[in-house]
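These numbers come from a predicted model, not from an experiment. Below, chain A is the first sequence line, B the second, and so on; all start at residue 1.
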2 protein chains.
Amino acid sequence: MAPPKPTDAVLADPSPWRSPAQRGRDRALKREAVLKAAARLFNEKGFHATSLDDVARQLNVTKPTLYHYFRSKDEVLFECCRMGLEMIEAAATPVPGSSASGLERLRALMEQYAEAMTMDFGMSITRTPDTALSPENRAELRRLKSQIDRAMRGVIQSGIEDGSIAPCDVRTAAFAIAGALNAIAHWYKPGGPLAPAEIARQTADFLIQGLAPRTPERRRRKR
Amino acid sequence: MAPPKPTDAVLADPSPWRSPAQRGRDRALKREAVLKAAARLFNEKGFHATSLDDVARQLNVTKPTLYHYFRSKDEVLFECCRMGLEMIEAAATPVPGSSASGLERLRALMEQYAEAMTMDFGMSITRTPDTALSPENRAELRRLKSQIDRAMRGVIQSGIEDGSIAPCDVRTAAFAIAGALNAIAHWYKPGGPLAPAEIARQTADFLIQGLAPRTPERRRRKR
DNA sequence: CCTAAATGTTACTCATGAGTAACATTCCTT
DNA sequence: AAGGAATGTTACTCATGAGTAACATTTAGG
């Protein structure tokens, strides 16, 4: 009895033989599994305190196996950070046909940014010092970060122009906002009392409201 | 011609012979010089990328010399951070006979905090991952940090009570503020266009004002 | 003076962990 | 079947850098 041909298996195929496409997908999945395990360990114990042997052990393989998927430890960290930054960048790229005010767009950006910082890849952006990376990878990450920074400043600027955001120093505001959001990666613990969405909302609220008391007729924002 | 006795030398003494007190002071000065050089290098190249040989070279001595003043590389980093944290803590401890409002006290705290983050020891707090430290030292630093956090929350709380600060989630506010201030250590460069005091003021302003536009009668704070 | 403490040097040890060489196995292709 | 790509293993090499041993020199003080 011959095994069923992979190309015939459209639905419900428990066969151990994989199609070429499936094989490629397996590889991508394994790559991602390495990144995920690595990110978790890097965040928990720190990049330098985590050896690739640690990462491999976590996945029930040995260190040389990892080198089938990555060129170096450096590349592993770099990819983790890139994943995280791409999540944020997706949130920062403007939607073409949007009629939202600058403040509304900024709030959405801040909340997605904040939620990203509660996830493994997002955390790795701020929890690992960029000095751990090779000069080339460091430069590339800086490029991605400044792209996000530019996008955020753009949103702030347009908010000032449409009157939804108070005039302020855009540069300082962007730095302060990014700083407050990045900090989440340092104090958030998955088992905590606040869910990521809650943290995101509260932090965005605070940055919008500020510390100074509202005047009576504008005391609290709804929702 | 006998050298002047150290005890006689009250003023203007270029003698190479040091009094016992002066010797002790020399030692303390040298210790501090090591810390200063180390902090600068740690911040610039990263803790793990900086060897004690690097630090020693910077001071025109050799590595074993440093071990006369510190037990381990770990201790050097720890002391750098402790210095920085003590600067902030000094700013966070309440002045007994003060009649300032909560917001005024918080602004002063934020500005001093921000300025500390532009200095070598302040930077080392946030630019070095706490995973680089021994468990004991890490715990001690965490203790100092949470002491500052408690002080900050106390000031915020009292500001809410006296009406100078809008009601808000104190925990979230304290985290966001500390995050925004800590971030300064990551982007500030000594040669930049903004002086530390300027950065401190602008960042504090932003955190107080928030992003939302003021209502007409309270549009801008004076100064 | 003579000893002890402090301060500095040169020349090591030694653990760690990134990265590699060489080899085994499995699966797909022809 | 046979060759080769992909994936995995065991058993190393090798650089780095923290920390130390042993030794030299100066200074303080009895």
Worksheet item: Which word best sums up how the rings of B:Phe175 and A:Trp187 line up, parallel for under 30°, tilted for 30 to 60°, or perpendicular for over 60°?
Response: parallel
Practice prompt. Could you tell me whether the phosphate oxygens of D:dT7, OP1 or OP2, come under 4.0 Å of any side-chain nitrogen or oxygen in A:Thr65?
Written response: no
Fill in: Residues A:Glu140 and A:Arg143 bridged, charged N to O under 4.0 Å
yes
Practice prompt. Would you indicate, yes or no, if C:dA6 has its OP1 or OP2 atom less than 4.0 angstrom from a side-chain nitrogen or oxygen of B:Arg27?
Written response: no
Discussion item. Between B:Glu104 and B:Arg107 (salt bridge meaning N to carboxylate O under 4.0 Å), is one present in this structure?
Written reply: no
Worksheet item: Are B:Thr62 and C:dT9 close enough that a side-chain N or O sits under 4.0 Å from OP1 or OP2?
Response: yes
Worksheet item: Would one find a side-chain N or O of B:Tyr69 under 4.0 angstrom from OP1 or OP2 of C:dG8?
Response: yes
Discussion item. Heavy-atom count check: over 12 atoms from other residues, nucleotides or ligands less than 6.0 Å from B:Glu32 CD?
Written reply: no
Practice prompt. Send over the distance from A:Tyr67 OH to C:dT20 P, rounded to a whole Å.
Written response: 7 Å
Worksheet item: Does the distance from a Lys or Arg side-chain N to an Asp or Glu carboxylate O, for A:Lys145 and A:Asp130, drop under 4.0 Å?
Response: no
Practice prompt. Would you mind reading off the distance between A:Lys30 atom NZ and D:dT7 atom P, rounded to a whole angstrom?
Written response: 6 Å
Discussion item. Which residues in residues 31-61 of chain B have a heavy atom closer than 4.0 Å to any atom of DNA chain C?
Written reply: B:Val61
Practice prompt. Could you check how far CG of B:Asp26 sits from P of D:dT27, rounded to whole Å?
Written response: 12 Å
Item to complete: Could you tell me the separation between the NE2 atom of B:His68 and the P atom of C:dT9, rounded to a whole number of Å?
Response: 9 Å
Worksheet item: Please walk me through it: do B:Asp53 and B:Arg57 pass salt bridge (Lys or Arg N to Asp or Glu O under 4.0 Å)?
Response: CA-CA 6 Å; B:Asp53 284 314; B:Arg57 197 174 313 121; 5.8 Å; no
Worksheet entry | Distance, rounded to the nearest Å, where A:Asp74 contributes CG and C:dA18 contributes P | 11 Å
Practice prompt. Name the closest nucleotide to the A:Pro64 side chain, picking from C:dT10, D:dT9, C:dA18.
Written response: D:dT9
Worksheet item: Counting just side-chain N and O atoms, does A:Lys63 come under 4.0 Å of either OP1 or OP2 of D:dG8?
Response: no
Discussion item. From CZ of B:Phe70 over to C1' of C:dT7, roughly how many Å is that when rounded to an integer?
Written reply: 15 Å
Worksheet item: Is A:Asp149 paired with A:Arg153 through a side-chain N to carboxylate O contact shorter than 4.0 Å?
Response: yes
